[in-house]
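Accompanying notes for the structure given below.
The shown structure was predicted, so the numbers you read here are calculated from the model rather than taken from an experiment.
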Amino acid sequence: TREQHLQSILDTVPDAMIVIDELGQILSFSAAAQRLFGYDEDEVVGRNVHCLMPSPDRERHDDYIRHYRNGGDRRIIGIGRTVTARRRDGTDFPIQLSVGEAGHDGDRVFTGFIRDLSQQERDDLKMRELQ
Ligand code: HEM
């Protein structure tokens with residue numbers, strides 16, 4: 001079925017992939033996302049995606065989405081950005097976030113692809129120390 005096909009993709013993609021609805025509620029959470037954030041899928045499905053980030057974005061993320069749905073500009077969709085995410089254990093780490101959009105008003109989902117930049121950040125710090 002389509003569902004199983006989607007699930008097999010989510011289990012395989014190396015980057016973390018998170019699907020949310022228009023209210024920011026998590027609909028699916030890939031295997032790589034589970035490893036990266038430290039949550040099982042069933043612990044986060046139905047929760048707001050803002051549980052995966054620190055302040056101030058955590059308090060503002062609903063407004064970011066609302067602003068966009070009300071006709072605001074795209075600030076991440078199709079552009080991408082380096083932002084700070086938060087693991088289950090409370091530690092923060094840098095990610096490259098890309099967001100795509102599918103569907104129409106009222107029945108729309110957003111798909112987030114997340115690349116962990118923490119190793120790169122450690123390498124950059126090391127390089128600076130050595131210079
Ligand atoms: C917008 C942060 C994850 C979907 C934004 C903005 C920021 C942000 C800073 C734009 C604010 C602005 O300039 O107006 C974060 C952080 C995340 C995260 C720190 C860490 C986990 C996600 C994920 C998704 C998502 C996983 C989708 C699955 C959106 C959408 C918008 C948005 C739909 C509004 C459209 C746009 O600005 O292009 N987010 N986000 N975000 N984010 Fe997130």
Are Phe93 and Val83 connected in the hydrophobic side-chain network, where two residues link if heavy atoms are under 4.5 Å apart? yes

Quick note, side chain to side chain donor-acceptor pair (under 3.5 Å) partners involving residues 107-120, not counting sequence neighbours, are Asp15-Arg115, Glu22-Arg108, Glu101-Arg108, Asp105-Arg108, Asp116-Ser118, Gln119-Arg122, Gln119-Asp123

Look at the side-chain heavy atoms of Ile, Leu, Val, Met, Phe, Trp and Tyr, link any pair under 4.5 Å apart, and say whether Ile65 and Ile95 land in one connected group. yes

d(Leu27 CG, Glu41 CD) to nearest 0.5 Å is 10.0 Å

query = Is Ile76 linked to Ile26 within one hydrophobic cluster, defined over Ile, Leu, Val, Met, Phe, Trp and Tyr using a side-chain heavy-atom separation of less than 4.5 Å?
reply = yes

Heavy-atom nearest pair, Tyr39 first then Phe29, reads O-CE2, 3.9 Å

Counting only N and O atoms by type, is there a donor-acceptor contact under 3.5 Å from the side chain of Thr12 to the main-chain atoms of Ser8? yes

Where the side chain of Asp40 meets the backbone of Asp42, is there a donor-acceptor pair that is under 3.5 Å apart? no

Taken to the nearest 0.5 Å, the spacing of Asp89 CG from Phe37 CZ works out to 11.5 Å

Next item on the list: May I ask whether Val49 and Ile114 are part of the same hydrophobic cluster, defined by side-chain heavy atoms of I, L, V, M, F, W, Y residues being less than 4.5 angstrom apart, directly or through others?
Entry: yes

To the nearest 0.5 Å, atom CD of Gln25 lies from atom CG of Asn48 at 5.5 Å

Go through the steps to decide whether Gln7 and Thr1 satisfy the test side-chain contact (heavy atoms from CB on, under 4.5 Å), and finish with yes or no.
-> CA-CA 10 Å; Gln7 195 55 53; Thr1 66; over 6 Å; no

Tightest non-hydrogen contact, residues Leu23 and Arg69, listed as CD2-NH1, 3.7 Å

Distance col, row Arg74:CZ vs Ile79:CD1, nearest 0.5 angstrom, shows 8.5 Å

Distance col, row Asp57:CG vs Asp63:CG, nearest 0.5 angstrom, shows 11.5 Å

*Angle class for the Phe110/Tyr68 ring planes (parallel below 30°, perpendicular above 60°, tilted otherwise)?*
perpendicular

Item to check | Joint hydrophobic cluster, Val44 plus Leu36, side-chain heavy atoms closer than 4.5 Å | outcome: yes

Q. When the aromatic ring centroids of Tyr64 and His61 are compared, is their separation below 6.0 Å?
A. yes

dist Thr84:OG1 -> Leu52:CG (nearest 0.5 Å) comes out at 13.0 Å

Smallest heavy-atom separation, Pro54 atom then Arg86 atom, equals CB-NH2, 3.3 Å

On a heavy-atom basis, the closest approach of Arg75 and Arg81 is O-NH2, 3.4 Å

What one should report as the nearest heavy-atom pair of Arg88 and Gly38 is CD-O, 3.2 Å

